[in-house]
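None of these values were measured; they are calculated from a predicted model. Just the heavy atoms: all of them, side chains too, but no hydrogens, waters or symmetry mates, feed the values below. Position 1 is the first residue of the sequence, and the numbers go up from there.
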Amino acid sequence: MGLLDVILGRSKPVRPDLDQLFALPSAALTLQAGAGYTPTGLGSVCFAGVEGGGFARIRQDVRELLDADTGQDSRPVEFSQDSYGYTWLLARRAPDDTAALVNDLHAVNTLLQEGGFGPQLLCSLLSFRDAEQRPLALVYLYKRGSFYPFAPLPGTAEKRDNQRELQVRAVLGDDLRIEPDLARWFPVWGAPGL
């Protein structure tokens, strides 16, 4: 960071650390014991859509990698596009196999990053439910290198439960690098798997 950056108030962005994702299985255990949330076996990766042959090849590589250990009847990975034009990849695993799901999410992020599409990566999320079937996601912000909880209110039009999010932050403070700027806790309405 140079003198001009300091004068203009620019800060050096946090370098993404994809290995932070590997803290999620431990955090899932803490979340289950401390707040009663269990993993659903669903996880997503969101990225800005890119056209072109290189990106199409990486997308095919991702599908082949994640579909390699499934039977003919099931497809653990689905691609979709949201109303904002972002592409979502939904991966599925058994709810009690959070480690395998995290490995899948890490592999997708790594393939995109190594393929030169790191700047298009937005976030990854892991989905949970409590005993009342209320949804919760732990969201990893790729460009910030941090996590935050997202708790939409079920049955309502785009409202979130801020109190639950703050409670989850308190429970997971020692397990994950939690995003300190609450303004960066972006809602991920309609995220696949949530």
Side-chain angles (χ1 to χ4, degrees), residues 18-47 62-63 65-71 73-83 86-110 121-142 146-173 175-179 185-194:
L18 291 179
D19 289 344
Q20 290 291 316
L21 291 171
F22 292 124
L24 282 169
S26 164
L29 293 173
T30 301
L31 191 57
Q32 188 168 5
Y37 284 93
T38 56
T40 63
L42 302 174
S44 302
V45 175
C46 181
F47 48 93
V62 165
R63 183 177 297 280
L65 175 70
L66 298 186
D67 288 350
D69 60 351
T70 62
D73 299 337
S74 64
R75 303 290 288 179
V77 63
E78 293 175 15
F79 287 93
S80 62
Q81 197 167 21
D82 66 17
S83 60
Y86 294 112
T87 301
W88 286 88
L89 173 139
L90 174 65
R92 292 182 172 89
R93 288 289 181 164
D96 61 349
D97 200 358
T98 303
L101 181 58
V102 167
N103 284 337
D104 290 348
L105 298 177
H106 186 273
V108 170
N109 282 294
T110 301
L121 281 166
L122 301 175
C123 68
S124 295
L125 65 87
L126 197 62
S127 179
F128 297 84
R129 298 258 182 227
D130 67 4
E132 299 171 31
Q133 295 302 304
R134 296 181 300 175
L136 174 78
L138 293 180
V139 182
Y140 177 72
L141 290 172
Y142 180 79
S146 59
F147 292 88
Y148 68 90
F150 174 64
L153 286 169
T156 62
E158 296 188 351
K159 290 186 180 180
R160 61 199 292 181
D161 190 338
N162 299 104
Q163 182 177 355
R164 276 195 305 137
E165 292 174 354
L166 294 174
Q167 289 170 342
V168 168
R169 175 181 71 174
V171 169
L172 293 177
D175 289 88
L176 298 175
R177 183 186 300 160
I178 300 293
E179 173 58 45
W185 290 21
F186 303 112
V188 285
W189 305 119
L194 189 55

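Of the residues listed (Val45, Leu18, Leu122), the one engaging Tyr142 in a side chain to side chain contact (heavy atoms under 4.5 Å, CB included) is Leu18, and it is the only one. The side chain to side chain donor-acceptor pair (under 3.5 Å) test with Arg93 is passed by exactly one of Asn103, Thr98, Asp104, Thr40: Asp104. Of the listed residues (Leu21, Leu141, Val139), just one forms a side chain to side chain contact (heavy atoms under 4.5 Å, CB included) with Phe147, and that residue is Leu21.
Without hydrogens or angle criteria, Ser127 side chain to Gly193 main chain gives a donor-acceptor distance under 3.5 Å. Between the side chain of Tyr148 and the main chain of Phe186, a donor-acceptor pair closer than 3.5 Å is present. Using modelled atom types, one side-chain atom of Glu165 and one backbone atom of Ala151 make a donor-acceptor pair closer than 3.5 Å. In terms of modelled atom types and a separation under 3.5 Å, the side chain of Arg134 and the main chain of Phe128 share no donor-acceptor contact. Proximity of a side-chain donor or acceptor of Trp185 to a complementary backbone N or O of Asn162 within less than 3.5 Å is not detected.
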- Query: After noting the C-alpha distance and the side-chain angles of Phe150 and Leu125, does the key distance pass the side chain to side chain contact (heavy atoms under 4.5 Å, CB included) rule?
  - Reply: CA-CA 9 Å; Phe150 174 64; Leu125 65 87; over 6 Å; no
- Item | Val77 vs Val108, side chain to side chain contact (heavy atoms under 4.5 Å, CB included): CA-CA, chis, key distance, verdict | CA-CA 11 Å; Val77 63; Val108 170; over 6 Å; no
- Item | CA sep, side-chain torsions, deciding dist, call: Tyr37, Val168, side chain to side chain contact (heavy atoms under 4.5 Å, CB included) | CA-CA 10 Å; Tyr37 284 93; Val168 168; 4.3 Å; yes
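Residue Pro192 comes nearest to Ser80 through the heavy atom pair CG-OG, 3.6 Å, listed as atom of the first residue, atom of the second, then distance. Pairing each heavy atom of Asp175 with each of Thr30, the nearest pair is OD2-OG1, 3.1 Å. Taking all atoms of both residues into account, the shortest heavy-atom contact from Phe47 to Leu121 is CB-CA, 4.0 Å. The heavy-atom pair separating Arg164 from Pro152 by the smallest distance is NH2-O, 3.2 Å. When all heavy atoms of Gly173 and Ile178 are compared, the pair lying nearest together is CA-CG1, 4.4 Å. Nearest approach of Arg129 to Pro135, heavy atoms of both residues: NH1-CB, 2.8 Å.
Summarising the local packing, CD of Gln163 is surrounded by 12 or fewer heavy atoms from other residues, nucleotides or ligands at distances under 6.0 Å.
Every residue two or more places apart in sequence or in another chain was checked for a ring pair (Phe, Tyr, Trp, His ring centres under 6.0 Å) with Phe79, and none qualifies.
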